[in-house]
Structure formats: structure tokens, C-alpha cells
Amino acid sequence: MNCRKVQNLISAYADCELTGVEMLAIRHHLSGCAECRHDFDQMLQVKRALGTLPCKQALPDLAERICSRLDKVAVPAHLQLFYLIKRRVALPGKRTFASVAVALTAIFLMFGTGGDVELYNSGMAGLPVMDSMRLSGGGHMHSLQVSPASLVTAFASTPLPKPAEVNLGFVDRVEASSVSADGGNMYLASFVSP
Amino acid sequence: MSEALSAAYKEEDRRTFDELVHRCHRQAYNVAYRMTGNAADAEDLVQDTFLKAYRFFGSYRRDMPFENWVYRIMSNMFVDWLRRRPKVHIRSLDEPIRQGEGEVTLDLPDKSAGPEDMALSQELDSEMQAALGTLPRDFRMAVILSDIEGLSYEEISEAMGCSIGTVRSRLHRGRRLLREKLRPYLE
């Protein structure tokens, strides 16, 4: 390993964030190169000096003052709803198109109609309800359904995850829906008018 | 509806968030201080960061350390914070200042005449803080998280929302710049 390469890696070497082979190669180079050794020593000095800087102390009541201000934080209603739904819809994966699509549809319904939202989540098992949430309030009664996989597969050709007009057959009218896929599962969120 | 929704949301998150604030605020303040360089601004930055974190707490992925998530918000808030404070001009000490037709260059005071074995003191603390303040924001954050907070490259990449290769590059360049600024103190 030449000096140029070593000097490019010297910082990561000081942090032991290189592969074993690179660590050994640099160690070998440093043992025979005074210039790079000097470079490394100075890099270490900077690193160590930063590590020994005193921890700056906040005023003792800082946490209390922060918490007291939280009451005034306005979390927009659509975000509150989004987070609540996202938490209850136990979909696999971290951030899936499915959870986003379901939650967005719910938000659309909530604010588009001013009505209640009832959410069902079902998976490939075929049982219609694995988890459900209902947010009650005034206004009209609507329902948001995620159908069993057997029904969802019928809409596999529906563009994902764009909302699409579909007719489930077992309800009178579907005004809005979205289909999304996540791994081996598919989810359908649909808005059924009263 | 909105009241019931708010109550449900707050009930679920507020207690958890309060505990996290109490657990993390000291560390967050230290990072904020090293980013801003003074106590008043550090306190403002920490408060704004936690308030924003609370607003978006629902999007916080629980598999990520809360501190790292807060650092990411703080890093973004710092950009906004600088924009909101036009009276504070962040300038590299190497950047020439135009004065009329000529240019002058600022520099850190030469401490070479001082005691060679100067222990880490208030003075060195101030000089290091001043040197940190001259680093570009991303370099500064990476150096603070690595060398002051002791985060690994992987954790820094998570906190800064960048690749490990980028972390490595920012640290390398940040430390090199710091070394130049602090050369009078280095043996």
C-alpha cells in the first residue's frame, strides 16, 4: 500500500473501521514510513482531544421545559390518524407500500367525507379480520375494508399502488380504493359508500 | 372526532416521549452545543429538535436508536436554524474577506509561543470549539458524532441519512481541516 492510499484511509484506520486486511496493510506501512506515521499521530491527537472535551451541561430544568412545551405542539390530525392506523395495521416489513396505501386511503376517507373510519386488515390466511380499529365521531358511517387475499387476487392487474375504481360485487358501490402489494401479500383498501 | 383522535394519539405517545426526552436531552444538548458553539443557541436547537421530533414521533422507526433519530432531526434543523438567523454569518476562517479592493484573511491566533504541554483546558476547549465551528456542517456533525459522542460509522450513517462511505469521507476531510486549524497545538 502506498502513502497516498494510506493517507486516504488513515482516518478510518484510527477508528478501526477498515477490513482486517486493510488494517494490517496500513499498520505494516506505518511501521516503515515516518511521514505517514506523523500524519497518523496528528490525526489521533485530534481525535483524542475531541474525545476528552468536557460534556457541556444543560440547565437542570431543560427536560422539564421541553416537555412542558409538548402540549402546545400541534400534530396535524391527518398525521395523528396516519400514525395510529400505521401502528395498528400489523403489516410485515418496515415501511411497506401496503401500510402507506391503507393509511392514506383512510385519511382520504376521513377528510374527504367527514365520516367515521373503520379499518380491517386481513392477510393471506383468508380470514377477513386480523386487526381492526374504529374511530368514532359524528357524521356519516362509512367503512374501509381490506379484503381477504382470495378477493384481492382478482385485482392483481390493478395498477399499484394507485387508487382504482373497482366493484367488489358484494357491496353496492365502491367509490375509492387502493390495492397494494407487500412481499407475498396483497391488500385492498376500499371505501364503500353508505 | 379530532378530540377523540388527539386523546388517543397523546395517550399513546406522550408518556413514552417524555421518558425519551429525560433520557436523551443531555446528550442532545452536548451535540447541539458543539454544533452551534454557544449555550443559548444550543438550548434553542435542542428544544426545537425535540418539538419537531414529537410532531413526527409517529413516523419514528422503533428499531432505530432514538438518539440517532434525534440527531438526524437536529442535523436538518440546524440547516433551518442557520437560515433563520441571517445575522449570523458562518464563514470559513480560510475564506478571504473583501474589503474595498483588497482582501484580508482571518486566521486562528498563533499559539505556538504558548506552553507546548498545554493540558486540555478551557482555552483549548475554546479553540477546538472555534475550529469545529469552521467546518462545513456535515463534516462537523460527523466529527461530533464520531469523536465526541463515540458513534460507529454505521450509527452515524443512520443518524445522518447517508452511506458509510460518505461518513468515512466526511470524517476524513473534517479531521484534516481540524488538524490544520489546531496545528499549533499538535506536537
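A note on names: the letters A, B, ... follow the listed sequences, proteins ahead of strands, and every chain is numbered from 1.
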If you draw a 6.0 Å radius around CZ in B:Arg72, do more than 12 non-hydrogen atoms from other residues or ligands fall strictly inside?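 Yes, the 6.0 Å shell around CZ holds more than 12 heavy atoms from other groups.
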Using the side-chain hydrogen bond (donor to acceptor under 3.5 Å, both in side chains) rule, take A:Gln57 and B:Arg26 through it: C-alpha gap first, then chi angles, then the decisive distance, then the call. CA-CA 7 Å; A:Gln57 300 295 323; B:Arg26 292 181 197 85; 5.6 Å; no
Identify which part of [X] has an atom lying under 4.5 Å from any heavy atom of chain A, answering side chain, backbone, both or neither.
| X | value |
| --- | --- |
| B:Ser169 | neither |
| B:Arg173 | neither |
| B:Arg168 | side chain |
| B:Leu132 | side chain |
| B:Tyr153 | both |

Taking every non-hydrogen pair under 4.5 Å, which of A:Ala14, A:Cys16, A:Ala12, A:Gly51 racks up the most with chain B? A:Ala12
Just give me the residue among B:His172, B:Gln129, B:Glu149 that pairs up with chain A most often, heavy atom to heavy atom, under 4.5 Å.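 Option with the top pair count is B:His172.
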Heavy-atom pairs under 4.5 Å with chain A - which of B:Leu178, B:Leu51, B:Ile148 has more of them than the others? B:Leu51
In terms of heavy-atom proximity below 4.5 Å to chain B, should A:Asp41 be classed as side chain, backbone, both, or neither? neither
Between B:Arg175 and B:Asp147, does any NZ, NE, NH1 or NH2 come within less than 4.0 Å of an OD or OE carboxylate oxygen?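 A salt bridge links B:Asp147 with B:Arg175.
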Taking the basic N atoms (NZ, or NE/NH1/NH2) and the acidic carboxylate oxygens, is any pair closer than 4.0 Å for B:Arg34 and B:Asp125? yes
Checking A:His38 side chain against A:Glu35 main chain: does a donor-acceptor pair fall under 3.5 Å?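 Between the backbone of A:Glu35 and the side chain of A:His38 there is no qualifying donor-acceptor contact (under 3.5 Å).
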Using the rule ring-ring contact (aromatic ring centres under 6.0 Å, His included), only one of B:Tyr54, B:Phe17, B:Trp69 pairs with B:Tyr60; which is it? B:Trp69
If we ignore angles and hydrogens, is there a donor and acceptor under 3.5 Å between the side chains of B:Glu19 and B:Thr16? no
